[in-house]
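Report on the following structure.
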Amino acid sequence: MEQKAPEGDASTQPLKPGRIALNVLALCFMLALLGRGLGESFTVFLKPISENFGWDRAEVVSVYSLTWLAGGLMAPVVGRLFDRYGPRTVYSLGLLLLGGAFLVASRAQALWQFQLSVGVSVGIGIAFIGNVPNAILLGRWFGPRLPTAMAVVYSAAGVGMLVLLPASQLLIDHVGWRGAYQTFGIIALCLLAPLLLLPWRLFAMGSPHIAKKANPEFVDDGWTLGSAMRHHTFWALFSTFFFTAVGMYALAAQIVAYLIDAGFPPLQAATAWGFSGIVLLFGMLGVTQLDAMIGRRPSVLLSYAISIVGIILLWLLQFYPNFWLLAAFVVTFGSMIGSRGPLITATAMKIFRGERVGTIYGTISIGSGLGSGLGAWAGGLIHDWTHSYNPVIAFALVAVVLGMIPFLVVPALRR
């Protein structure tokens with residue numbers, strides 16, 4: 001049966017599942033854009049905050065690492081809460097945390113206050129409106145098309161960077177970094193009211209067409225977190241998330257500085273890396289389309305191969321700092337950041353589908369959070385020890401290769 005419009009809706013026509021699915025996708029995209037953009041905005045706040053308090057760069061960067069570490073560790077809790085209480089509660093808690101965290105940060109005076117607010121609290125808030133709840137909700141509406149839907153949502157990271165990083169700088173220029181954080185907090189809390197008024201019962205229900213198309217021979221094997229953790233595929237996906245994030249974030253945090261040291265003007269270096277937010281969208285959609293054409297494993301392996309080419313091009317830039325090599329690096333490396341995420345997500349949702357899929361997928365996602373935090377920290381530490389970017393590039397290359405190995409050797413991921 002077609003789903004009817006809720007009472008009080010201005011429309012008397014039946015609501016088409018396809019239209020509802022697009023509305024849910026748009027909602028997830030906007031929430032992901034907000035969360036990721038606010039998280040990455042700290043790179044703009046780093047310099048004024050460090051200058052304001054006279055802190056070492058490493059001390060301030062610890063706040064950024066805590067953001068993604070806290071978000072990754074919180075992922076299974078988010079999945080569990082989604083399974084039990086649904087999307088309305090989870091998304092609302094996320095906005096509430098973000099709003100409160102930025103308001104606290106606007107009055108922070110000590111490093112630990114930034115670490116607790118912009119680091120831990122913002123990281124948890126991003127997790128509550130991020131990939132774990134989005135993947136579960138979209139899975140109910142897109143079914144086998146989940147990789148495409150998740151590619152669109154993952155691309156929100158690039159759009160968020162393009163929108164909120166310049167916006168952050170404009171706010172800092174006009175009202176200072178404290179005023180900018182206060183503005184972020186107020187906006188997040190103001191968004192809470194319209195979010196609560198959305199038709200969540202309808203959104204959480206899922207598409208009846210997806211249920212009809214489900215495999216009639218499928219039997220819920222009763223996956224629990226414990227049984228999933230005893231299965232080798234769980235750890236294969238976990239390690240893929242972990243090592244890939246280590247490699248990508250070891251470089252991402254220092255790419256602009258590397259390009260400047262290689263001889264590019266600061267504005268050109270920042271603009272080039274910011275452009276990765278645009279090519280990211282095409283990379284994700286391209287890999288997802290390949291998934292439908294040649295299969296998941298070949299698509300994932302191809303994306304890793306392109307990432308490796310991008311890392312090699314980055315290494316060459318120190319010897320040949322020219323526009324064309326820079327453009328090739330941005331296209332190859334930038335387009336593949338996160339490109340595997342939608343496919344890995346869809347793989348996990350398919351293998352471990354059932355009542356506890358949110359908890360299981362959330363726990364697997366810890367690997368991404370741990371890898372992001374560890375990669376950024378390790379990349380900076382290696383550079384401080386060696387005073388060279390080459391060991392950082394080598395470290396990232398090894399990590400990316402380790403990330404692709406499960407898709408070469410694990411039987412469940414080879415099919």
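Residue numbers start at 1 and run along the sequence shown. As the structure is a prediction and not an experimental result, all values here were calculated from the model.
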Next on the checklist: Using side-chain contact (heavy atoms from CB on, under 4.5 Å), reason through Phe184 and Leu171 one step at a time and then give a plain yes or no.
Outcome noted: CA-CA 10 Å; Phe184 284 167; Leu171 283 171; 3.8 Å; yes
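- Rounding to the nearest 0.5 angstrom, the gap separating the CG atom in Leu96 from the CG atom in Leu196 is 9.5 Å.
- Atoms CG and OG, on Leu397 and Ser307 in that order, are 10.5 Å from each other to the nearest 0.5 Å.
- With Asn52 contributing its side chain and Pro48 its backbone, the two residues share no donor-acceptor pair below 3.5 Å.
- When side chains are defined from C-beta on, Val287 does not count as touching Ile306, because their heavy atoms never get closer than 4.5 Å.
- Side-chain contact between Ser121 and Val104 is absent, with no heavy atoms from C-beta onward closer than 4.5 Å.
- Between the side chain of Ser239 and the backbone N or O of Gly403 there is no donor-acceptor pair closer than 3.5 Å.
- At least one side-chain heavy atom of Leu314 sits less than 4.5 Å from a side-chain heavy atom of Leu251.
- Residues Val246 and Leu402 have side chains not in contact (no heavy-atom distance under 4.5 Å, counting atoms from C-beta outward).
- Aromatic ring centroids of Phe238 and Phe243 lie 6.0 Å or more apart.
- Ring-plane geometry between Tyr181 and Trp177 is classed as perpendicular, the angle between the planes exceeding 60 degrees on a 0 to 90 degree scale with a lower cut at 30.
- In this structure the side chain of Ile129 reaches within 4.5 angstrom of the side chain of Leu98, judged on heavy atoms.
- Side-chain N or O atoms of His174 include one that pairs as donor or acceptor with a backbone N or O of Leu170 at under 3.5 Å.
- For residues 312-337, every residue pair satisfying the side-chain hydrogen bond (donor to acceptor under 3.5 Å, both in side chains) rule, not counting sequence neighbours, is listed here: Trp315-Asn390, Gln318-Asn390.
- Listed for the Ser299 side chain is a donor-acceptor partner under 3.5 Å among the backbone atoms of Leu290.
- Here the side chains of Met229 and Ile360 are not in contact, with every heavy-atom distance at 4.5 Å or above.
- Rounding to the nearest 0.5 Å places CE of Met30 at 12.0 Å from CG of Leu195.
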Let me check something: any side-chain donor-acceptor pairs from residues 362-375 under 3.5 Å, sequence neighbours excluded? List them with distances.
{"residue": "Thr363", "atom": "OG1", "partner": "Thr359", "partner atom": "O", "Å": "2.8"}
{"residue": "Ser365", "atom": "OG", "partner": "Tyr361", "partner atom": "O", "Å": "3.0"}
{"residue": "Ser372", "atom": "OG", "partner": "Ser368", "partner atom": "O", "Å": "2.8"}

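- The shortest side-chain heavy-atom distance between Phe333 and Leu313 does not fall under the 4.5 Å cut-off.
- Note: Gln113 CD to Gln109 CD = 7.0 Å, rounded to the nearest 0.5 Å.
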Next on the checklist: Applying side-chain contact (heavy atoms from CB on, under 4.5 Å) to Ile312 and Ile393, what does each step give before you reach the verdict?
Outcome noted: CA-CA 8 Å; Ile312 295 173; Ile393 294 174; over 6 Å; no
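- The two atoms that bring Thr386 and Pro391 nearest to each other are OG1-CG, 3.6 Å, heavy atoms only.
- No side-chain donor-acceptor contact under 3.5 Å links Arg36 to the backbone of Ala156.
- No hydrogens or angles considered: a donor-acceptor pair under 3.5 Å links the side chains of Tyr304 and Thr244.
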Next on the checklist: Walk me through whether Leu25 and Leu138 qualify under side-chain contact (heavy atoms from CB on, under 4.5 Å).
Outcome noted: CA-CA 7 Å; Leu25 178 61; Leu138 290 172; 4.1 Å; yes
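- Under the 30°/60° scheme for interplanar angles, the aromatic rings of Tyr258 and Tyr389 are found to stand perpendicular.
- From Leu198, atom CG reaches atom CZ of Phe203 across 5.5 Å, with rounding to the nearest 0.5 Å.
- Rounding to the nearest 0.5 Å places CG of Leu137 at 7.5 Å from CG of Leu27.
- Pairs passing the ring-ring contact (aromatic ring centres under 6.0 Å, His included) check and including a residue from residues 82-101, sequence neighbours excluded, read Tyr91-Trp200.
- Using a distance-only test at 3.5 Å, with no hydrogens or angles considered, a donor-acceptor pair links the side chain of Arg178 to the main chain of Ala108.
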Item to check | side-chain contact (heavy atoms from CB on, under 4.5 Å) evaluation trace for Leu192 with Ser92 | outcome: CA-CA 6 Å; Leu192 187 58; Ser92 299; 3.8 Å; yes
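- Considering only heavy atoms from C-beta on, Val400 stays 4.5 Å or farther from Met404 through its side chain.
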